[in-house]
Amino acid sequence: MRENVVDTDFILERVNHYLASESDKQLIMDKVVELLIDSVPYYDWVGFYLVKDGRLELGPFRGAPSPHTVIEMDSGICGAAVRDRATIIVDDVNADPRYLACSLETKSEIVVPMFKGQEVIGEIDIDSHTPAAFTEEDKILLEKIAELVSTKV
Ligand code: SME
């Protein structure tokens with residue numbers, strides 16, 4: 001069913017194209033967030049956070065402006081994904097005490113860390129207005145994109 005909604009081959013083809021044709025990492029991340037929000041109907045906020053000076057700083061994003069432009073590592077689902085060094089899917093953000101609210105409309109969230117070697121260098125954060133929007137397919141796609149983009153960040 002969902003394969004009809006998310007064209008993963010198209011998305012990965014575009015990401016590979018951006019990586020091959022652009023060298024500016026901010027521009028690559030900007031194109032990727034635009035691609036993702038345009039391609040997947042239930043992705044309502046898409047952004048990169050990058051590790052800088054021991055904190056997470058908001059990079060390119062699409063969606064409502066977030067009050068969380070800097071997130072401490074001990075804070076939020078975003079901080080938890082860095083500490084866990086693993087993707088976190090939250091089906092109901094309002095039931096998760098770690099959650100830092102960006103928009104009242106957000107119901108579920110996925111955070112996917114990006115690695116350089118063993119080090120977490122950033123993450124992809126996506127919010128949905130749909131409860132329990134994210135599945136294993138999103139995780140596989142986004143982990144692949146994180147791996148591809150991390151070669152340039
Ligand atoms: N919800 C995130 C904060 C970032 S905003 O969603 C853009 C968190 O709990 O870490």
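Both counts, for ligands and for their atoms, begin at 1 and track the order of listing.
- Counting only distance, with no hydrogens or angles, the side chain of Ser150 and the backbone of Glu147 share a donor-acceptor pair below 3.5 Å.
- With sequence neighbours excluded, the residues satisfying side-chain hydrogen bond (donor to acceptor under 3.5 Å, both in side chains) with Asp30 are Arg62.
- The part of Trp45 lying near ligand 1 is the side chain, judged by heavy-atom distances below 4.0 Å.
- Relative to atom 3 (C) of ligand 1, the option among Leu100, Ile126, Thr69 with the closest non-hydrogen atom is Leu100.
- From the protein, the heavy atom lying nearest to atom 8 (C) of ligand 1 is Ile77 N, 3.3 Å.
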Using atom types as modelled, flag every donor-acceptor pair under 3.5 Å from a side chain in residues 83-93 to any protein atom, sequence neighbours excluded.
{"from": "Arg83", "atom 1": "NH1", "to": "Met73", "atom 2": "O", "distance (Å)": "2.5"}
{"from": "Arg85", "atom 1": "NH1", "to": "Gln118", "atom 2": "O", "distance (Å)": "2.9"}
{"from": "Arg85", "atom 1": "NH2", "to": "Gln118", "atom 2": "O", "distance (Å)": "2.3"}
{"from": "Thr87", "atom 1": "OG1", "to": "Glu143", "atom 2": "OE2", "distance (Å)": "2.6"}
{"from": "Asp92", "atom 1": "OD1", "to": "Asn94", "atom 2": "N", "distance (Å)": "3.1"}

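- Contact detail for Ile11 and Ile145: the closest heavy-atom pair is CG2-CD1, 3.8 Å.
- Sparse packing is recorded around NZ of Lys52, with 12 or fewer heavy atoms of other residues, nucleotides or ligands lying under 6.0 Å away.
- Atoms of ligand 1 lying under 4.0 Å from any heavy atom of Tyr49, numbered from 1 in the order shown and given with element: 4 (C), 7 (C).
- Between Glu57 and Val51 there is no side-chain heavy-atom pair separated by less than 4.5 Å.
- No option in Phe48, Trp45, Tyr49 other than Trp45 meets the ring pair (Phe, Tyr, Trp, His ring centres under 6.0 Å) test with Phe61.
- Taking every heavy atom of Gly76 and a limit of under 4.0 angstrom, the matching atoms of ligand 1 come to 8 (C), 9 (O), 10 (O).
- Ligand 1 has a nitrogen or oxygen under 3.5 angstrom from a nitrogen or oxygen of Cys78.
- For ligand 1 and Ser66, the ligand atoms under 4.0 Å from any heavy atom of the residue are 5 (S), 7 (C).
- For the residue pair Asp138/Tyr43, the side-chain donor-acceptor check at 3.5 Å is satisfied.
- Short contacts between ligand 1 and Asp125, defined as distances under 4.0 Å to a heavy atom of the residue, involve ligand atoms 4 (C), 5 (S), 6 (O), 7 (C).
- Atoms of ligand 1 lying under 4.0 Å from any heavy atom of Cys102, numbered from 1 in the order shown and given with element: 5 (S), 6 (O), 7 (C).
- Using a 4.0 Å cut-off between heavy atoms, Val111 makes no contact with ligand 1 at all.
- Within the listing of ligand 1, atoms 6 (O) sit less than 4.0 angstrom from a heavy atom of Asp127.
- At a threshold of 4.5 Å between non-hydrogen side-chain atoms, the residues Ser108 and Ser128 count as touching.
- When Arg98, Glu109, His68 are checked for heavy-atom proximity to atom 2 (C) of ligand 1, Glu109 turns out nearest.
- Of all atoms in ligand 1, listed by their number and element, those nearer than 4.0 Å to a heavy atom of Tyr99 are 1 (N), 9 (O).
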